[in-house]
Amino acid sequence: MSIDTSDFDAMWSAIGPIGRDKSSGGYHRFAWTREDHDLREWFAGECAKRGLDLTTDRMGNQWAWWGDPDAALAAGRPGLVIGSHLDSVPDGGAFDGPLGVVSSLAVIDLLRAEDFQPSRPIGVVNFVDEEGARFGIACAGSRVITGVLDADRARSLTDVDGVTMAEALRAAGRDPEQLGPDEETTRRIGAFVELHVEQGRGLVDLGQPVAIATDIWPHGRWRFDFPGQANHAGTTRLADRQDAMLGYADTVLAARSVAEQRGCVATVGKVHVEPGGVNAIPSHVTGWLDARGPVEDEVRHTIDDLTTRAQQHGATVREESWTPTTRFDEELAGRLTGVLGDDVPLLGTGAGHDAGILATHGVPTAMLFVRNPTGISHSPEEFAERDDCHAGVEALARVVEDLAR
């Protein structure tokens, strides 16, 4: 199967400038912002050019269909869905998410160029708010429609400026009251295959451009709130201070050592300080902790230890999300191996994905990873060679051809 790279390259160039920071080269593409709107409009336009039927579910995820998913569902053959997301972490890389969306649209072009006629509908999805960069909960788009994230809680989530998700949805022209589980949408998914840039060095070490995923490590996010008292930084004696930053700093340092002892990873990558003045003692510090590891009990013990440590400083701790170990469908993974060959590596990952949420919901799910020569992700240094991207498109096309034959 030959691949025409022009469609992929044109789409990749079109979205390149959206949300890009000119100084760092990183991306700021947060849910329900102008950048998010522009990306959603781009996706809708690409789907229209291909004659795909575009629908939007109760959370705002976009689904583009080649074929009638409802007729197929009635006939007992629900659709095959591919795709990913278009949002980013703060100052994130270009490939995490968009590679999967662009590749999926390119697969539609490739299969049509080969005169392939699917026996089941093929959908391309753009999940909203996968990174959780604005409201703190990853994979919000898939969590809401599968019922994992309660709609009332989702609406009440706030960003660092105090804007709730409900307010952000209204500003984006959407009705927040529509949020909720969407069985009409999820029933249409007979299988889901997500292509994603690898977020580590597994394929670099193996010298391979593409891998098949086996599982996702258990992972979660927790919010730590540390109390203090605002006061003057120059006139307040050290003995008289109630500095919220000290408890926060102690917990951050503990996160590294505790996680290391338990074979996990723990990261505090987001912090909000009040009142936020250089010459003011912090009255309140909120830090968000991300913890992951190959063994669920060890991740939980890590959080228990850190909670005890933080509570010694008067902190309150709240779990914002938790996803247990997610194993992808073995039969589907075996099917991918049969199509792509026994020499294609099998890799687990510590990164969460919408594919994991759907797998937990009972949807047969698989993932493909494309080599990242830097081994770096969630950073402007995240990268994939164009030839490897094209290899990913071809691999995904071969998989879709097999599953929709």
Q) Can you find a heavy atom in the side chain of Thr360 that is under 4.5 Å from one in the side chain of Arg143? A) no
Q) Are any of the side-chain heavy atoms of Pro282 and Glu274 separated by less than 4.5 Å? A) no
Going by atom types only, do [X] and [Y] share a side-chain donor-acceptor pair under 3.5 Å?
X      : Y      : value
His85  : Asp354 : no
Ser84  : Glu194 : yes
Ser24  : Asp91  : yes
Asp57  : Thr185 : no
Ser119 : Arg77  : yes
Asp329 : Thr365 : no
His313 : Asp250 : yes

Aromatic ring centroids of [X] and [Y] under 6.0 Å?
X      : Y      : answer
Phe226 : His284 : no
Phe95  : Phe383 : yes
Phe127 : Trp63  : yes

Q.
For a salt bridge (Lys or Arg N to Asp or Glu O under 4.0 Å) check, start with the C-alpha distance between Arg40 and Asp38, then their side-chain angles and the critical distance, and finish with the verdict.
A. CA-CA 5 Å; Arg40 291 170 64 85; Asp38 291 347; over 6 Å; no
So for atom [atom1], which belongs to [X], do other residues, nucleotides or ligands contribute more than 12 heavy atoms lying within a distance under 6.0 Å?
X      : atom1 : value
Gln312 : CD    : yes
Arg112 : CZ    : yes
Arg405 : CZ    : yes
Glu330 : CD    : no
Arg327 : CZ    : no
Gln311 : CD    : yes

Q.
When you measure from the centre of the six-membered ring of Trp322, is the NZ or CZ of Arg300 closer than 6.0 Å and no more than 45° off the axis?
A. yes
(Q) Taking the basic N atoms (NZ, or NE/NH1/NH2) and the acidic carboxylate oxygens, is any pair closer than 4.0 Å for Glu331 and Arg335? (A) no
Q.
Quick test of your reading of the model: are Arg262 and Asp305 salt-bridged, counting only N-O distances below 4.0 Å?
A. yes
Indicate yes or no for a side-chain donor-acceptor contact from [X] to the backbone of [Y] under 3.5 Å, with no hydrogens or angles considered.
X      : Y      : value
Arg292 : Gly350 : yes
Arg134 : Asp159 : no
Asp182 : Arg58  : yes

(Q) Parallel, tilted or perpendicular: which one describes the rings of Phe369 and His196, with boundaries at 30° and 60°? (A) perpendicular
(Q) I need the minimum non-hydrogen distance between Pro218 and Gly293, along with the two atoms involved. (A) CD-O, 2.9 Å
Q. For the atom pair CG (Leu157) and CG (Leu149), what is the distance rounded to the nearest 0.5 Å?
A. 6.5 Å
